[in-house]
Chemist: 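Quick one: structure below, then a few questions.
Convention: sequence-line order gives letters A, B, ...; per-chain numbering from 1. All figures in this text were calculated on a predicted structure; none of them were measured in a lab.
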Protein chains: 2
Amino acid sequence: VPKIVDHDARRAAIGLSVMKLVADVGAERATVRAVAAASGWSTGVLAHYFGSKDEMLGFAITEIADRVQRRIAQIDTPDPLQWVRAALIELLPLDEQRRVELLAWYGFLSRALNNPDLSSALQSAHRELEESVSSVLQRAVDAGRTVLVGSTADTALELLTFVDGLSLRHLFDPRRLDSAEMIRLLGGQIAKLGSDLPQT
Amino acid sequence: VPKIVDHDARRAAIGLSVMKLVADVGAERATVRAVAAASGWSTGVLAHYFGSKDEMLGFAITEIADRVQRRIAQIDTPDPLQWVRAALIELLPLDEQRRVELLAWYGFLSRALNNPDLSSALQSAHRELEESVSSVLQRAVDAGRTVLVGSTADTALELLTFVDGLSLRHLFDPRRLDSAEMIRLLGGQIAKLGSDLPQT
């Protein structure tokens, strides 16, 4: 009886293994051989799915981006500013899963500096998030929930930039910038979006 | 005739070599042997100055922090908000020197995650900058140049967090977030500090 293999599920599982290894040792040392050793998949199976190490890394990048987008798609609130807050919180390293995603993301960066394909995969993920946040900010403007100083695109970029800074500084100083402090500082940025409203 | 050695200058030069190597290959691969190979100093000379690899890395961290503080100390403007803007710009990767400092800083991070001494050196540098910015913001408040929504400490941390996010995103997407765009976005944050002033 031939074994039925769910290739998509297997690729996703491999993507997770790659992510964890990159978070742990960086992208340079996450070779096909190292992923095989860490994950239990044979180098033969890995070679079946990915033609090269960079193809494997690129797949892991899109897997992480998809995970984040899936979590954000589940946010269920009618208020656009609440949605923005919840979406940005999904990006912060508040638990082990998001911490691993973040460390892997930084791990890909050093290799992406010299690899246009990986660089492009990372940039696409950033821009998709910017567009999601920007479009919801536009809904907030249309609903009279906020008056923005700049464009929705700029405000989305500013918020995501702030979240990136928070996540990075958390890694440098996790006790000082703990989860509560990150959420408090992020909340301050969201609150400012509503603070320019005419007081009626 | 005995050769007179300027030990401070030599240590500083070694610190620069360590910084460049860490920016290039990361902290794990910046061993004493690798620094010797890259810099031309013998492992014997390096061993004379540093008892271990981590001592050498820790010295390079304080060297980078000192370089940044020296540049900031030279900012000459009587206006506190202009000072804050100029100080934050010194942190952005606008030229090769600041780009190398930034990449080295990120390079130290992965090793600092498991090394309290390195972690503490990085944290001290962050907190010193926060205190510098915070104290100048207090002068801006006292001079009636700004009305802050939060405390000066929070505002300083928010600005530095934004700068960290800009620098990081620049590395991910350097064409989109080029120097002009980073300066524009930072300028927007500074402008907001003055925008709540009563229009007189």
Side-chain angles (χ1 to χ4, degrees), chain A residues 23-29 91 99 102-103 105-114 118-127 130 149-151 154-155 157-177 181-182 184-189 191-192 195-196, chain B residues 23-29 91 99 102-103 105-114 118-127 130 149-151 154-155 157-177 181-182 184-189 191-192 195-196:
Chain A
D24 212 30
V25 303
E28 290 308 321
R29 288 162 69 190
L91 304 174
R99 184 182 161 86
L102 186 74
L103 287 173
W105 208 252
Y106 293 167
F108 289 122
L109 175 60
S110 64
R111 191 163 178 95
L113 293 176
N114 298 308
L118 295 183
S119 183
S120 162
L122 294 167
Q123 289 167 8
S124 297
H126 279 200
R127 293 178 190 197
E130 283 175 50
V149 175
S151 65
D154 270 3
T155 307
L157 179 54
E158 285 163 8
L159 289 169
L160 286 161
T161 297
F162 189 77
V163 164
D164 279 353
L166 275 183
S167 301
L168 182 65
R169 289 180 85 88
H170 164 80
L171 293 182
F172 277 103
D173 207 343
R175 269 171 310 193
R176 175 127 189 276
L177 273 175
E181 183 68 352
M182 286 192 283
R184 182 182 76 83
L185 289 164
L186 176 59
Q189 301 296 306
K192 282 179 193 167
S195 69
D196 293 332
Chain B
D24 212 31
V25 302
E28 290 308 321
R29 289 163 69 191
L91 304 174
R99 184 182 162 85
L102 186 75
L103 288 173
W105 207 251
Y106 293 167
F108 289 121
L109 175 61
S110 65
R111 191 162 178 95
L113 293 176
N114 297 309
L118 294 183
S119 182
S120 163
L122 293 167
Q123 290 167 8
S124 297
H126 279 200
R127 292 178 190 196
E130 282 174 50
V149 176
S151 65
D154 269 4
T155 307
L157 178 55
E158 286 163 9
L159 288 169
L160 286 161
T161 297
F162 189 78
V163 164
D164 279 353
L166 274 183
S167 301
L168 182 65
R169 289 179 85 88
H170 164 80
L171 293 182
F172 277 103
D173 207 343
R175 267 171 311 193
R176 174 127 188 276
L177 273 175
E181 183 69 352
M182 286 193 282
R184 182 183 76 84
L185 289 164
L186 175 58
Q189 300 296 305
K192 282 179 193 166
S195 69
D196 292 334

Chemist: Report the option among B:Leu103, B:Asp154, B:Leu113, B:Leu109 that has the most heavy-atom pairs separated by less than 4.5 Å from atoms of chain A.
Modeler: B:Leu109
Chemist: Quick one: what part of B:Leu171 sits under 4.5 Å from any heavy atom of chain A, side chain, backbone, both or neither?
Modeler: both
Chemist: Please enumerate all residues that pass side-chain contact (heavy atoms from CB on, under 4.5 Å) together with A:Ser120, with sequence neighbours excluded.
Modeler: A:Ser124
Chemist: Taking the side chain as everything from C-beta on, heavy atoms only, tell me whether A:Thr161 gets closer than 4.5 Å to B:Leu185.
Modeler: no
Chemist: Can you tell me which of A:Arg184, A:Glu28, A:Gln189, A:His126 forms the most heavy-atom pairs within a distance under 4.5 Å of chain B?
Modeler: A:His126
Chemist: Identify which part of B:Leu160 has an atom lying under 4.5 Å from any heavy atom of chain A, answering side chain, backbone, both or neither.
Modeler: both
Chemist: Return the minimal non-hydrogen interatomic distance between A:Glu158 and B:Phe162, and the atom names on each side.
Modeler: O-CE1, 3.6 Å
Chemist: Residues in salt bridge (Lys or Arg N to Asp or Glu O under 4.0 Å) with A:Arg99, at least two apart?
Modeler: none
Chemist: Determine whether A:Arg127 and B:Arg176 make a side-chain contact, defined as any pair of heavy atoms from C-beta on separated by less than 4.5 Å.
Modeler: yes
Chemist: Given heavy-atom pairs under 4.5 angstrom as the criterion, report whether the side chain, backbone, both or neither of B:Leu166 touches chain A.
Modeler: both
